[in-house]
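Working notes, structure below.
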There are 2 protein chains.
Amino acid sequence: MNDELFNLIERLANLLRQETRLEGQSLGLQPIQQEALYYLSTCNRYSDTTLAVTEFLGLTKGTVSQSLKILESKSLITKLKDNKDRRITHLKVTEAGQEFLAKTCPPQKFTDAITGLAGDEQSETRALLQKVLNNYQQATGRTAFGVCKYCKFNLKTSDGIRCGLTNETLSNQDIILICREFSA
Amino acid sequence: MNDELFNLIERLANLLRQETRLEGQSLGLQPIQQEALYYLSTCNRYSDTTLAVTEFLGLTKGTVSQSLKILESKSLITKLKDNKDRRITHLKVTEAGQEFLAKTCPPQKFTDAITGLAGDEQSETRALLQKVLNNYQQATGRTAFGVCKYCKFNLKTSDGIRCGLTNETLSNQDIILICREFSA
DNA sequence: AGCAATAGTATCGACTCAAAACATATTTGA
DNA sequence: TCAAATATGTTTTGAGTCGATACTATTGCT
């Protein structure tokens, strides 16, 4: 059973990478660069740094630094130094970057494949994969990542929504993004 | 919803590749080489060629040829020319290759993550992912691959089991392997 | 002030990858 | 029958990935 699930995930990943490679050809983007770009379009302002991308992709920071350099050179992201901590660089997806992602990510045929499932099958798949991922992340001891609004530090007060870690107020847009500090 | 499922699969794949990289260090094996080796350990005698590996991994044959050369140089597989068609080379996993796979594939922590699921959750996940993969393969128009005994060319006769494409008899071991000619 | 820790970059060598050219073997078809 | 087309697989080349290591710059700690 482990073998079968392992096999299925590997094969899905192979197909995804193959299609991603095709999609990226128009801009000369490698799969890993597209993954980084996609992550940056889904993460919040506490998680848009080189190190967060590193943790998310499971690579070393030197490797990621190079990929980000290429994304910047193609004007798909911009770098912005943090005001409080000058060591930190925030990475923002540009208009061009967002346009590219809207066209290519997730790949069209993958979307088709998902649409072929019934509505309850889709949510069932998501719930089960989420569970597998959580277990796996726990087993490897890696950073979890997760959607802000489901985090235990997400505080709903009478004044609005607030992050218990940073004590900053959060907008409705903020809380649907992915955060590296996520904790269930 | 597409986005979420896309994201989950990407992240599982990232973790798997990361752990695979670690497991392969003992023999100096790259993730892609391990994937090829694993595939060869699960496929039948009609599917143990360079081209089949190429289709399975979604790479070009030149690329795959190089990876297989490395596996051969490390004595994890052997090459054997086909008797009927001398263009074809069959790839067999050696004892050493099988030992390596038994220890490392699927990765231990992935197995742990799966074991954390209830029994019916496991089979449910498998069924759903199988469905997604089938849809996806159909959408991309790629070779399906599948287990011999569930194939429409698998014929159960009074003499035993037979493949309707090759007209060869099949053993009980044969029919649990993956075939590139699979058709549902 | 001084030292350790953190964020990020630069460089190196081994490896992946697609593309193209190539070598063989088989099939087709006039 | 035999040349052209097709199929399997290898080699070469150049762009890019990757981890490891060493490095800079900034911040935190004592």
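Protein chains get the first letters and strands the later ones, always in sequence-line order, with residue 1 at the start of each.
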What string of B, S and - do you get for nucleotides 3-13 of chain D, 5' to 3', when a contact is any protein heavy atom under 4.0 Å? ----BBBBBB-

Measure the distance from NZ on A:Lys74 to P on D:dG16 and round it to the nearest whole Å. 7 Å

Determine yes or no for a side-chain-to-main-chain donor-acceptor pair under 3.5 angstrom, with B:Lys81 supplying the side chain and B:Arg86 the backbone. yes

Round to a whole Å and report the spacing from CG of A:Leu71 to P of D:dG16. 12 Å

Report yes if a side-chain nitrogen or oxygen of B:Gln33 is closer than 4.0 Å to either non-bridging phosphate oxygen (OP1 or OP2) of C:dT16; otherwise report no. yes

Which nucleotide in C:dA19, D:dC18, D:dT17 has an atom nearest any side-chain atom of B:Thr60: C:dA19

Between A:Asp112 and A:Gln108: side-chain donor-acceptor atoms closer than 3.5 Å: yes

Are B:Tyr136 and A:Glu19 linked by a side-chain donor-acceptor pair shorter than 3.5 Å? yes

Output the rounded distance in Å from CD1 (B:Ile32) to C1' (D:dT17). 13 Å

Between CG of A:Leu59 and P of D:dT21 the distance, given in whole Å, is 17 Å

Whole-Å distance, B:Arg17 CZ to C:dT16 C1', equals 12 Å

In chain order, what residues pass the ring pair (Phe, Tyr, Trp, His ring centres under 6.0 Å) check against B:Tyr46, with sequence neighbours excluded? none

If you compare every side-chain N and O of A:Arg21 against the phosphate oxygens of C:dA18 (OP1, OP2), does one of them come in below 4.0 Å? yes

Can you check the A:Arg86 CZ to C:dG8 P distance for me, whole Å? 13 Å

Would you kindly give the NZ-to-P distance between B:Lys81 and C:dT24, to the nearest whole Å? 10 Å

Provide, to the nearest angstrom, the distance between the CD1 atom belonging to B:Ile70 and the C1' atom belonging to C:dC17. 12 Å

Would one find a side-chain N or O of A:Gln25 under 4.0 angstrom from OP1 or OP2 of D:dA15? no

Within the side chain of B:Thr20, is there an N or O that forms a donor-acceptor pair under 3.5 Å with the backbone of B:Pro31? no

Just checking A:Lys156: does its NZ atom have more than 12 heavy atoms from other residues, nucleotides or ligands closer to it than 6.0 angstrom? yes

Do B:Ser47 and B:Asn44 meet the criterion of a side-chain donor-acceptor pair at a distance under 3.5 Å? yes

